[in-house]
Amino acid sequence: MPSRLWTDKRKLVWLLSLLLLSAFFLISWSSYRVAHNSLREQIETNTLPLTSDNIYSEIQQDLLRPIFISSLMSHDTFVRDWAMTDEQNPAPMIRYLKEIQDRFGTITSFYVSDKTRRYYHSTGLLKTISQRDPADAWYFRVRDLTPGEEYEINIDTDTADRTKTNVFVNYRVYDFDKGLIGVTGVGLGVDKVKQLIEKYQQRYNRTVYFVDSNGKVTLHGSQFHGAADLHDDPALSPLATRILTSPSSSFQYERNGRDVYLNSRLVPEFKWYLMVEQTEHESESTLQTTLLGNLLVSALVTLAILVVANLTLGRYQRRLEQMASTDKLTGTLSRQVFQVTFDHALSQAQRQQQVTSILLMDIDHFKQINDKFGHEVGDMVLRRVAQEIRSTLRASDILCRWGGEEFIAVLVDCDGLACASIGNKIREAVAAMSFEVNGASVGVTLSAGAAEYHDNEASLVINRADKALYRAKAEGRNRVVLST
């Protein structure tokens with residue numbers, strides 16, 4: 001074993017060394033390339049698209065979460081069942097919306113019934129929406145979405161608080177026959193989204209903003225100085241149609257006498273375009289580009305190292321865990337892991353409302369076997385007894401070597417009487433065994449204590465089984481006693 005460990009360790013060291021050398025080479029090569037490439041080529045083909053990809057990846061984490069939450073709500077069986085029972089009691093729905101808002105940290109959560117037009121909010125029943133109210137136009141717009149469009153994202157004032165503007169995800173809710181029964185969703189504060197944009201801008205030193213499919217600028221940070229609509233921007237209006245008809249594209253235009261590089265990318269979940277801009281002035285220094293390249297390479301190398309280290313060390317970890325959790329002599333669970341296994345079995349049995357019992361077993365006069373025939377024979381007896389116990393227990397039962405010659409079994413879905421019955425089967429099977437040692441026949445018997453688990457007595461049930469075992473010993477051994 002030590003030789004193998006040393007060989008594996010050397011392999012790991014050599015592999016990690018090779019990866020590090022490769023990383024240094026790639027970093028040096030990247031720095032060399034940056035030094036010899038022009039700034040324009042770097043921006044157009046590397047820096048800006050890469051930054052857009054990074055920002056897009058962060059958007060997947062930061063901004064798409066409300067869509068996921070709204071989708072869960074719209075497909076929640078509770079929401080549909082409640083809505084289909086004629087909304088008899090608003091309290092469960094209001095409580096559900098409050099829990100969604102608290103659990104996921106959204107600004108608001110809501111449900112609007114298509115049948116009653118009631119607007120349910122996490123704070124209560126707010127109103128009954130109407131086609132005559134311009135503030136309710138969003139609902140009828142979502143209600144009439146074309147087939148295949150299940151949700152809409154819009155920026156609007158909060159119905160519960162008209163002083164706040166939120167980004168709403170409005171998701172259609174269907175009954176079990178695919179009929180529309182309402183609209184549900186959550187809101188994300190515009191200020192919070194703008195903070196995310198500011199974070200992107202500060203981190204990447206780029207101008208970041210969003211435009212909808214019509215070219216209207218929906219959200220932007222403090223660095224944005226363009227028009228509210230691409231078509232109204234003198235610099236961008238010639239490119240507006242090309243931007244809005246391509247899911248991903250790169251452009252170059254001039255603003256205030258300076259070259260601006262633009263990368264646009266459609267975020268399909270929002271149906272908005274992510275716009276990332278960089279001016280030539282902001283990237284005159286190649287240091288940032290070099291740093292970005294170095295960080296990317298370092299990240300890749302680090303990832304590779306972690307994967308290799310995890311694969312190698314994981315194998316040893318699994319081996320050590322197996323050694324720690326299994327009794328080497330009998331192949332049963334060791335006492336070190338019994339408590340975790342026992343707690344898990346109890347938790348699962350309680351969820352399924354099953355009775356659990358404990359069977360504590362001890363080989364009678366085992367010390368005499370060791371003293372008379374030696375420890376090798378004693379070990380053989382332990383192995384054979386363990387095999388006999390395992391063959392009698394069910395596959396779902398848990399067997400652990402509790403001490404020198406003691407075993408403990410956890411029997412799920414088994415009451416005390418059934419546990420004692422199984423214990424007697426084990427006792428009879430062990431008593432029927434015979435060992436030949438130096439031409440002499442050696443018999444073995446087993447005593448056991450059984451106890452049925454009651455609520456909140458995880459430690460007491462083992463004590464009761466131990467006392468029952470003590471009684472079995474005191475009453476003459478080779479018997480099973482059930483704790484009462």
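Bear in mind the structure is a predicted one, so any value in this text is a computation, not a measurement.
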More than 12 heavy atoms of other groups within 6.0 Å of Glu99 CD: no
Salt bridge or not for Lys98 and Asp102, using N-O below 4.0 Å? yes
Less than 4.5 Å apart, any side-chain heavy atom of Tyr119 and any of Phe110? yes
Measure the OG1-CE distance between Thr184 and Met73 for me, rounded to the nearest 0.5 Å. 3.0 Å
Using a 6.0 Å cut-off, check whether atom CZ of Arg242 has over 12 heavy atoms from anything other than its own residue. no
May I ask you to say whether Glu277 pairs ionically with Arg206, meaning some side-chain N is under 4.0 Å from a carboxylate O? no
For the pair His75 (side chain) and Ser71 (backbone), establish whether a donor and an acceptor sit closer than 3.5 Å, ignoring hydrogens and angles. yes
Is a side-chain donor-acceptor pair under 3.5 Å present for Tyr174 with Glu150? yes
How many angstroms lie between atom CZ of Arg335 and atom CZ of Phe407, to the nearest 0.5 angstrom? 13.0 Å
Can you establish whether the number of heavy atoms outside Asn256 located under 6.0 Å from its atom CG is more than 12? no
Looking at CD1 of Ile408 and CG of Leu333, how far apart are the two atoms once the value is rounded to the nearest 0.5 Å? 11.5 Å
Can you name the nearest heavy-atom pair linking Arg132 to Pro134, along with the distance? O-CD, 3.4 Å
Ring centers of Tyr96, Trp82 separated by less than 6.0 Å: no
Phe210 side chain near Val217 side chain, heavy-atom distance below 4.5 Å: no
His231, NE2: over 12 other non-hydrogen atoms inside 6.0 angstrom: yes
How about Thr116 and Glu87: does a side-chain donor come under 3.5 Å of a side-chain acceptor? yes
Nearest 0.5 Å please: distance from the CG atom of Leu411 over to the CD1 atom of Ile358. 8.0 Å
Is any side-chain heavy atom of Tyr453 closer than 4.5 Å to one of Val355? no
If only atom types and distance count, is the side chain of Arg172 paired as donor or acceptor with the main-chain N or O of Arg143 below 3.5 Å? yes
Which atoms form the tightest heavy-atom contact between Glu452 and Ser357, and what is the distance? CA-OG, 3.7 Å
Are more than 12 heavy atoms from other residues, nucleotides or ligands located less than 6.0 Å from atom CZ of Phe68? no
Gln353, CD: over 12 other non-hydrogen atoms inside 6.0 angstrom: no
When you measure from the side chain of Asp233 to the backbone N and O of Ser237, does any donor-acceptor pair fall under 3.5 Å? no
Do the side chains of Asp136 and Lys127 get close enough for a salt bridge, i.e. N-O under 4.0 angstrom? yes
Any donor-acceptor pair under 3.5 Å linking the side chain of Tyr273 with the backbone of Leu244? yes
Please determine if Arg390 and Asp397 form a salt bridge, counting it only when a charged side-chain N lies under 4.0 Å from a carboxylate O. no
Answer yes if the side chains of Ser130 and Asp133 hold a donor-acceptor pair under 3.5 Å, and no otherwise. no
